[in-house]
Each structure stands twice: as structure tokens, then as C-alpha cells.
Amino acid sequence: MESSLPFPSACLSHWHRGTRSFPHLNANHHAQVPTTTKHAIIGSGISGALTAFSLIENGTNPSDILILEAREAVSGASGRNAGHIRPAIKILQNEKRVLEQTRAFITTHGINSDFVDTTTFDVCMTPESITEQESALAAYKDAGGDVSQVRVWEGEEAQSRTRVRSALRAYEWPAASNNPAKLVQWILSDVVGKGAGLWTHCPVDEIVRGRGGGGWEVHTSRGTVVAETVVHCTNAYAGSLVPGLGGMLRPRRSQAQTFVPGGYGGGHFFSVNPLKDGMVVIGGTGTRDGGDVGTEEWKAEASFDDRGFNTVLAENSRREFEGIWAVERHGEGFDYAWTGILGITRDSVPVVGAVDGLEGQWVCAGFNGHGMAIAFTCALGLAKLMSGERWEETGLPECFKAGRVNSE
């Protein structure tokens, strides 16, 4: 499918509904963009905000940074995920480091983002899924990975711990719950307070080489800004502005729901994420092969449309939820549903670094539904690269390197 800019009227997530008083939510939404800047960062989510924060930490003058957002601040995937920082077995070491660094970052800066340490489960419902997980974990261990924190539960013990009655096996390891909107809003407030610019409701529709070969002309809905460097932090939307990326990066619509638990109010379950206030989020709900998901539009896996949610998927999640938690009183059970757009790459890993053939353009995108578990180290690593450090100094896996994307 063709690449796209974000839809201007996206639905609100659970996190958006509770952070409407953010003072920079619609920052500079009527102002013309500056005529020049050193660094133009496109996207105000976790990767864009952290890249700006890290550049400042590395010595960049904050006034040399301009963040451009197509909608309101933190309106994309960072403000729409299920609120978890959940390491995946296949890239466990980097995501374990993300969890540790995110916890340290929030603690050091005293950020009130409802961060809670918890555990996460991968639940195997079929013999085939057991074989797949065994293979992934064994390969990781053979490569030198530390699996000491991964606990394996079988049969009745797996069912008891996950509350999934048909579970055959469950893998459990440390994770965390977090309010992503509050976290990113804190970072944006910090960089703006230091002097960086933030322009919201200002989509970028074209980037061309500057006249005489000097920098890049970034064309927006409210004027053109000439930038020395351009940083693409728009995840699924990056292919609309980065030649060569559109062929390997596609959107995937994902849905999440919040629930108020009833009779069973504790523990941890599968992709259900307990929040600090006692509510839970069932995240990552998507279409299933052969399933009746309503209209043909919603059956389409690839979509940039985050304006609403699928009522059939929400009803399926409600039934699954009520099979686990007792819902006895008015106010318990299903609360709210929303949609977010994931950036999916062909090889299931992010794209981080310089864009080949487009000197001065950088990218940090393609998080495959693991944005809060990957983007933290990706953004810090990108800032190091932009400051002249070598890839080896970023600490990122070699497979994340953007060299596999060309500018053709």
C-alpha cells in the first residue's frame, strides 16, 4: 500500500484522555515554522522526544532543535500502546537493558508516569507455539544470552499463574507498566523548557535538497524550514518521506482495551497489563485469519487509519476478559477501546541510523509493536551516531542498523 501521513482526527487513547491538560499539547499550532534550524526532528513520540533530549545531553544547543508533529503532541503510537515495557525473547538482551534504563531514567528525574514493576507472560496454547518458543529461547541462550530471569511454567501451574485455562506452557520474565503519554510529555516539557521548539498540527509533506546543496528544505503545512539535519521519528509513517523505506516498512493497525477488574484483582496475565490504579489493559488485539472481524476495511491488516476502533474485536476481548475476571457490579468490566498504528518491518527489527544516499537525514523507526521496549535505547543510540560516535558505541544490535535501507 502507499505510504501516508497521519490522519488528522485520530481517536483518543486511554492515556490521551487523562493527559488533556498538558500545556504543550497544541504548541505553536497556528504559528509559521522558523525559516532555519540545525536539527529538524519529525515526530513527537518517544523516539523523537528522546532524540532531542539526548542531543541536548550530548552538548547540542536546545535552540538548534525543532520538533515537528503532524497532530497534537504525543498523538502517535507512543501515546497509544498498551502501557507496557515488555522484553521479547528474540531480542531479550537489548530490551532488558531498555527496561533497566527506563526505570533509572524515570527514577533519576522523578517523573510521575505511573511506572510499576511487574512480570509478563508468553502463553503457549498449542504444541506448535511451544516448539517455536523453545527454539527462540535455545537460540538466544546458545548465542550467549542471559536467560536466568526467564521462568517456565507447565500445565496446571501455567494455567494457575496466567489464569488462562487452556495454557500448555508459560514463559515469565520481568517487565513494567507505564503511562507512555505522561513519560513522553515530561521529556517534551524538559526539552521545550530548555529552549527547543515544538510545532504541533504541522505535518511535513515533502523534503528536498536545499538550494545550492545546503541542507534540506522541510516543507510543512505552515511554511518551509531549512535544516542541516532531518531526523525521521514517525515509525509507521516514515516511508512517506524516506525514499526506499516505504518498501520495507508498513503499518499495522492494533487495538487495545481497558477494563475494570471485578472479583479477581491481582496477578499478571499474558498481554494483560495491570496499571497502577488497578485497571488493566488488554493490548495488541488484531485481526485473526479466518475470524469474523466485521467490515472488509477492518479485515485489512495494513492501514494508517486510527480514527476509531473495531467493535467486534472489543466484544471478543470483553468475552475473554469476563472468562478470567468476575464482573459483578455496574462499573466493572469493559471500559474503553482505541486503535494505534504499528510500524512493521520485513525483518521485524527497527531501522536506526543514517539514511544511505541522503547525507544529513537520519531515521529511528520500525518498532514492530515494541516501541516502549525498544525505542529508548534506539533514540539514545541515534543521538550518539549524530554526535559522531561509531555504531559499536551505541550498544545496539547490528541488525538494527539502517544501512539495509537505501535511498533509491
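Every heavy atom of this structure was used, including side-chain atoms; hydrogens, water molecules and symmetry mates were not.
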How many angstroms lie between [atom1] in [X] and [atom2] in [Y], if you round to the nearest 0.5 Å?
X      : Y      : atom1 : atom2 : value
Ser13  : Tyr336 : OG    : OH    : 7.0 Å
Asp190 : Lys194 : CG    : NZ    : 3.5 Å
Glu389 : Asn58  : CD    : CG    : 6.5 Å
Trp338 : Gln257 : CH2   : CD    : 7.5 Å
Lys401 : Leu396 : NZ    : CG    : 11.0 Å
Leu382 : Cys233 : CG    : SG    : 6.5 Å

Self-check item: Positive for side chain to side chain contact (heavy atoms under 4.5 Å, CB included) with Val33, one of Thr220, Val204, Val218
Solution: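 Going through Thr220, Val204, Val218 one by one, the side chain to side chain contact (heavy atoms under 4.5 Å, CB included) with Val33 is satisfied by Thr220 alone.
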
So which heavy atom on [X] is nearest to which on [Y], and how close?
X      : Y      : value
Val225 : Pro34  : CB-O, 3.1 Å
Val349 : Cys399 : CG2-O, 3.4 Å
Thr229 : His39  : OG1-ND1, 2.5 Å
Ala402 : Val363 : CB-CG1, 4.0 Å
Ala181 : Val74  : CA-CG1, 4.3 Å
Leu249 : Gly343 : CD1-C, 3.8 Å

With a 4.5 Å heavy-atom cut-off, do [X] and [Y] have their side chains touching?
X      : Y      : result
Gln133 : Leu137 : no
Trp216 : Leu358 : yes
Phe105 : Ile111 : yes
Glu217 : Arg211 : yes
Lys182 : Phe115 : no
Phe304 : Asp306 : no
Ile374 : Phe400 : yes
Arg80  : Ile341 : no

Practice problem: Please work out which of the three classes, parallel, tilted or perpendicular, describes the rings of His24 and Phe22, given edges at 30° and 60°. | Solution: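 Perpendicular.
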
Practice problem: Measure the acute angle between the ring planes of His29 and His201, then classify it against the limits of 30° and 60° as parallel, tilted or perpendicular. | Solution: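 Ring orientation, 0 to 90° scale: perpendicular.
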
Strictly distance-based, threshold 3.5 Å: is any side-chain N or O of [X] a donor or acceptor partner for the main-chain N or O of [Y]?
X      : Y      : answer
Thr394 : Trp391 : yes
Thr37  : Ala227 : no
Ser303 : Arg253 : no
Thr19  : Trp15  : yes
Thr339 : Gly308 : yes
Ser240 : Leu5   : no
Ser113 : Pro180 : no
Ser135 : Thr131 : no
Asn368 : Thr345 : yes
Asn28  : Ala31  : no

Practice problem: Given side chain to side chain donor-acceptor pair (under 3.5 Å), test Asp205 with Ser221 step by step and report yes or no. | Solution: CA-CA 8 Å; Asp205 51 41; Ser221 60; over 6 Å; no

Practice problem: Kindly determine whether His109 and Ile106 satisfy side chain to side chain contact (heavy atoms under 4.5 Å, CB included), including the steps that lead there. | Solution: CA-CA 5 Å; His109 297 288; Ile106 290 171; over 6 Å; no

Side-chain donor-acceptor pair present, [X], [Y], cut-off under 3.5 Å:
X      : Y      : answer
Thr200 : Asn26  : no
Gln361 : His232 : yes
Glu69  : Ser75  : yes

Residues 59-68, side-chain donor-acceptor partners within the protein, below 3.5 Å, at least two apart:
unit_1	atom_1	unit_2	atom_2	d
Thr60	OG1	Leu55	O	3.2
Asn61	OD1	Ser63	N	3.0
Asn61	OD1	Ser63	OG	2.8

Practice problem: Any chance you could lay out the side chain to side chain contact (heavy atoms under 4.5 Å, CB included) test for Tyr171 and Val152, step after step, and finish with the verdict? | Solution: CA-CA 5 Å; Tyr171 293 85; Val152 183; 3.7 Å; yes

Self-check item: Other residues, nucleotides, ligands: >12 heavy atoms within 6.0 Å of Arg346 CZ
Solution: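 Not more than 12 within 6.0 Å, no.
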
Quiz item: Should the heavy atoms of other residues, nucleotides or ligands under 6.0 Å from CD of Glu359 be counted, would the total exceed 12?
Solution: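 Open: at most 12 neighbouring heavy atoms sit under 6.0 Å from CD of Glu359.
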
